[in-house]
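Just so it is clear: chains get the letters A, B, ... in the order the sequence lines come, proteins before strands, and each one is counted from 1. Bear in mind the structure is a predicted one, so any value in this text is a computation, not a measurement.
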Number of protein chains: 2
Amino acid sequence: MTVSRVLRNRGDVSEATREKVLEAARVLGYVPNKIAGALASQRVNLVGVIIPSLSNLVFPEVLTGISAELEDTGLQPVVGVTNYSPEKEEAVLYEMLSWRPSGVIIAGIEHTPAARAMLENAGVPVVEIMDVDGEGVDSVVGISHRRAGLHMAEAIVAAGYRKIGFLGTKMPEDHRARKRLEGFQEGLAASGLELVDTEFYSGGSALAKGREMTQTILKRSPDLDFLYYSNDMIGAGGLLWCLDQGIDVPGRLGLAGFNGVDLLDGLPRRLATMDACRREIGRKAAEIIAGRPHNGLIGGEVIELEPVIQLGDTVRRA
Amino acid sequence: MTVSRVLRNRGDVSEATREKVLEAARVLGYVPNKIAGALASQRVNLVGVIIPSLSNLVFPEVLTGISAELEDTGLQPVVGVTNYSPEKEEAVLYEMLSWRPSGVIIAGIEHTPAARAMLENAGVPVVEIMDVDGEGVDSVVGISHRRAGLHMAEAIVAAGYRKIGFLGTKMPEDHRARKRLEGFQEGLAASGLELVDTEFYSGGSALAKGREMTQTILKRSPDLDFLYYSNDMIGAGGLLWCLDQGIDVPGRLGLAGFNGVDLLDGLPRRLATMDACRREIGRKAAEIIAGRPHNGLIGGEVIELEPVIQLGDTVRRA
DNA sequence: GTGTGTAATGTTAGCGATAACGGCAGAGGG
DNA sequence: CCCTCTGCCGTTATCGCTAACATTACACAC
C-alpha cells in the first residue's frame, strides 16, 4: 500500500520511506501493472481515438492536436483506424470500449445504429469531430462542411467564374466530402448555376491523380473556367498540370482545394483553399475529454469552428 | 463462466445456450471488461508502437503497415509519440509497459539506458524499426541508413557530379538522418570528394523550407552541381525552386532526396530518391510480434531491407 | 498521566474477468 | 446393470492493484 502511495504521489508518505521505495523500484526494475490498477480504481488513463485513415494527411494532424493537448493531463490517446468502413468502425469502437477508456473521440457523426448505441451508453464523454452537420451523441467539435462548400461556391462565383467543375474522391463513406459537394452545389444554385462536369477517382497518389483527372475533365469539357477539388492534394496535382500546360491560372482557369494543408506551402502558386482547422479540432476535442469532470462541462457542447477561405493565387481577385 | 465462454468462443457451449447469451448481451448492451479479462488471463491484445512524430509522413505509413498486418490477429496497436525526445520516449515506454502489451515496436535503436533496460526486461517481443545500424535489444527491422547514404553518394559520383552540397534537418536526435549523412560523406570520401557546403533547417513547411534552403545554399556556393536532401519534401521544394529559376535539372544541377514518398508522384519531374521501405518495415515488425509464439521465432532476428535507388529525372543518366 | 490530533503505515475486501477443476446427465460398451 | 466417456455448465481461487478503514506512533496541551 505504501508503495502504491509513493508511485502515485497520493496520500502521506515520509520522505525517507518514499526514497526507499523509489530506490527499490529502480533496483528491481519494477513497473506497476496498470491493468490491475485500473481494475481496482475504475480509472483508465486512456482516450480512444477513432479515425478513418492515417494516409490522409488530415488525421495525423488531428492526432497531433490531440496528443499535444493531452500531453500533461496524464491521459494517453489510443488510436483505432476504420478505413472508412462503418462495420470496422463498430468493431473498433467495441474493442475500445471494452478497455473502459476515459473518453472517446471519433471522426464523423454518421455511425451504425449499434455504434451509436454504444456511444450513448458508454458512460464516458464522447466527442465526435470534424463535422457539425447533423446530430451528435454528446459533444461535437468541427466545421460545417456544407457551409464550407457553400462559401467556396459563393467566393468562386463572386470572382466571376461561371463554368465550374468538381473533382473528388469516389468514396460514398466520406460524408464530409459529400457534404462539401452538396453545399457547393447549393451555393452555385443560389446564383442560378450548376456544376458543368465532375470527375471522381479512387486510390493512388493524390498528386498524380490530380494531374490525370484535370487532364481528363478539361479534355471532356474544355470550356470549364473553374475546378473545385475535394482536397488540396489533388488540387495541387491539378495546379502543377495546368502550369505545365501553360494554362493561365487564375485568369483562364481558377482552382481551389480544401483543407489548407501547410505541407503544400511552397508550390509555385498558393492554391486557394479553406483551412479545416484540423489541429484546433484535435485540441478542442481533447480539451473536452480532459476537462470534463473538472470544468463543469456536462457534455453536449457543439463547438463549430469557422474555416477561413484563403484565395491564394489560383482565384482571380476582384 | 458460460458467458465468458460464449464471448470468447472457447470451450463447449450448446448452441441453445450460446444464442441465449448473445441475445442477452445484445439486449443489455453488455461490453466485456477487457481490463478484468487481461488481469485474469495475463493476456493483453495490445501492441505498443512508439514513434518520434506523426507529422513526418513516414511514420503514419509505417503505422499503416503495422495496422494492416495486425488486422486480423486480434492484436491492436497503441501509438505513443516522443517528439524525438529521449526522455519522452522513456516516459512513453514506461507508460506502455505498465499495460503489459503483447509486444513493443519502437523506432530507432538509440535509447536512454533506462529505456533500454526496460526493453530488455519487458518479457515480451520487442522490435526496433527503421534502422539496423547498431545493436538492437531483440529483433530489428529496417534499412541501413549509413549504406543508403553511401550508395546514394556512389550513384551521384558515378553520374559525374563533383561539387556536392547537403541540405537537412537540424535535429541531433534524428539518428537516421545523421547516419545517412555520415554514410554519404563516407561514399564521397571513397572518391576523394567531400561536401562542398551544407545547410540545415528546423520547423516549418518542408516544401517551403526546401525552396529557401536551396536558394540560400546556391547563393553561397553557386558552383554546386548536386544537392542531396535529407528528405523528399525539402527535396521537392528545392526541385520546384530550381524549375522556377529555369535551372537545368539534372544537367547543370542534380537533386536527390530520401524516402520515396509516393505522395510526391506527380511533380513536374520525379525526384531521385531511395525507398525507405516504410510500409514493409511496419508489416514485418508486426509480423514478428504477431507470430512470435507460433512460428518458432525466438527473437533476435535482424531483418535488413534493401532500399532501392530511384534515379527519377533529377540525376543525369550515363 | 491522560486525552486529542496528526502523520505515517497497515489490513481487508473487492474490481470483473479467467484458469482449473468439479459435477452431472446421457450415450454407449461390456 | 455398471462403468467410462463426452458434452455441458458451475464453483473457486486467483490476477495485482486501490478504496476505505484500522492501527500505530508520537507530539503536544491540559
Side-chain angles (χ1 to χ4, degrees), chain A residues 1-46 48 73-76 78 93-103 118 121-124 293-294, chain B residues 1-46 48 73-76 78 93-104 118 121-124 293:
Chain A
M1 198 57 226
T2 298
V3 171
S4 170
R5 275 192 269 258
V6 171
L7 264 35
R8 288 182 301 148
N9 278 320
R10 205 172 294 267
D12 297 319
V13 181
S14 73
E15 194 50 40
T17 317
R18 150 176 260 94
E19 290 298 340
K20 275 197 289 183
V21 169
L22 290 176
E23 171 64 12
R26 243 178 359 83
V27 171
L28 298 172
Y30 172 74
V31 178
N33 186 329
K34 284 230 170 163
I35 297 178
L39 183 61
S41 67
Q42 311 283 354
R43 261 192 301 267
V44 179
N45 69 337
L46 300 176
T73 61
L75 260 33
Q76 246 243 313
V78 179
L93 179 58
Y94 185 78
E95 170 72 18
M96 293 233 154
L97 289 181
S98 71
W99 285 98
R100 303 290 189 270
S102 293
M118 282 192 262
N121 301 321
V124 294
H294 311 302
Chain B
M1 199 56 229
T2 300
V3 171
S4 171
R5 275 192 269 258
V6 170
L7 265 36
R8 288 182 302 149
N9 279 319
R10 207 172 295 267
D12 298 318
V13 181
S14 73
E15 194 51 39
T17 317
R18 149 176 260 92
E19 291 298 339
K20 276 198 287 184
V21 169
L22 290 176
E23 171 63 11
R26 242 178 0 83
V27 172
L28 298 173
Y30 171 75
V31 178
N33 186 330
K34 284 230 170 160
I35 297 179
L39 184 61
S41 68
Q42 311 284 354
R43 264 191 299 267
V44 180
N45 69 337
L46 300 176
T73 61
L75 260 32
Q76 246 241 313
V78 179
L93 178 59
Y94 185 79
E95 169 73 17
M96 293 233 154
L97 289 181
S98 71
W99 285 99
R100 303 288 190 270
S102 292
V104 174
M118 283 192 261
N121 300 322
V124 294

Not counting sequence neighbours, which residues clear side-chain contact (heavy atoms from CB on, under 4.5 Å) with A/S41? List them please. A/R43

For nucleotides 23-27 of chain D, which of its nitrogen or oxygen atoms have a protein nitrogen or oxygen under 3.5 Å away, and what is each distance?
none

Over all atoms of both residues, closest heavy-atom pair of B/W99 and A/V44: CH2-CG1, 3.8 Å

When you compare the protein's N or O atoms with those of nucleotides 8-10 of chain D, which come within less than 3.5 Å of each other, and at what distance?
residue: D/dC9; atom: OP1; partner: B/S14; partner atom: OG; Å: 3.2
residue: D/dC9; atom: OP1; partner: B/T17; partner atom: OG1; Å: 2.3
residue: D/dC9; atom: OP2; partner: B/S14; partner atom: N; Å: 2.9
residue: D/dC9; atom: OP2; partner: B/T17; partner atom: OG1; Å: 3.4
residue: D/dG10; atom: OP2; partner: B/T2; partner atom: OG1; Å: 2.8
residue: D/dG10; atom: N7; partner: B/R5; partner atom: NH2; Å: 2.9
residue: D/dG10; atom: O6; partner: B/R5; partner atom: NH1; Å: 3.3
residue: D/dG10; atom: O6; partner: B/R5; partner atom: NH2; Å: 3.2

Could you list the residues that satisfy side-chain contact (heavy atoms from CB on, under 4.5 Å) with A/V13, not counting sequence neighbours? A/T2, A/R5, A/V6, A/T17, A/R18

Rounded to whole angstroms, how far apart are CD on A/E19 and P on C/dA8? 14 Å

Let's see if you get this right: which residues in residues 34-44 of chain A place a heavy atom under 4.0 Å from DNA chain C? A/L39, A/A40, A/Q42

On a heavy-atom basis, the closest approach of A/P101 and A/G48 is CB-N, 4.0 Å

So, with a heavy-atom separation below 4.0 Å from DNA chain C, the residues of residues 23-31 of chain B are B/Y30

Atom pair distance, as rounded to whole Å: CZ in A/R10 and P in C/dA7: 18 Å

Set of residues satisfying side-chain contact (heavy atoms from CB on, under 4.5 Å) with respect to B/A36, sequence neighbours excluded: A/L39, B/N33

Does any part of the side chain of A/I35, heavy atoms only, come nearer than 4.5 Å to the side chain of B/R100, both counted from C-beta? yes

A/N45 CG to D/dT18 C1': how many Å, rounded? 15 Å

Go through the structure and list residues passing side-chain contact (heavy atoms from CB on, under 4.5 Å) with A/A122, not counting sequence neighbours. A/L97, A/V124

My understanding is that only residues two or more places apart in sequence, or in another chain, count here; which of them pass side chain to side chain donor-acceptor pair (under 3.5 Å) with B/T73? none

Test item: B/S98 side-chain N/O and A/V31 main-chain N/O as donor-acceptor pair under 3.5 Å: no

Please state how far atom CG in B/L7 lies from atom C1' in C/dA17, giving the value in whole angstrom units. 11 Å

Specify the separation, in whole Å, of atom CG of B/N33 and atom P of D/dC15. 18 Å

Side-chain donor-acceptor distances from residues 23-30 of chain A under 3.5 Å, at least two apart:
residue: A/E23; atom: OE1; partner: A/R26; partner atom: NH2; Å: 2.5

By side chain to side chain donor-acceptor pair (under 3.5 Å) - contacts of A/Q76 (at least two apart): none

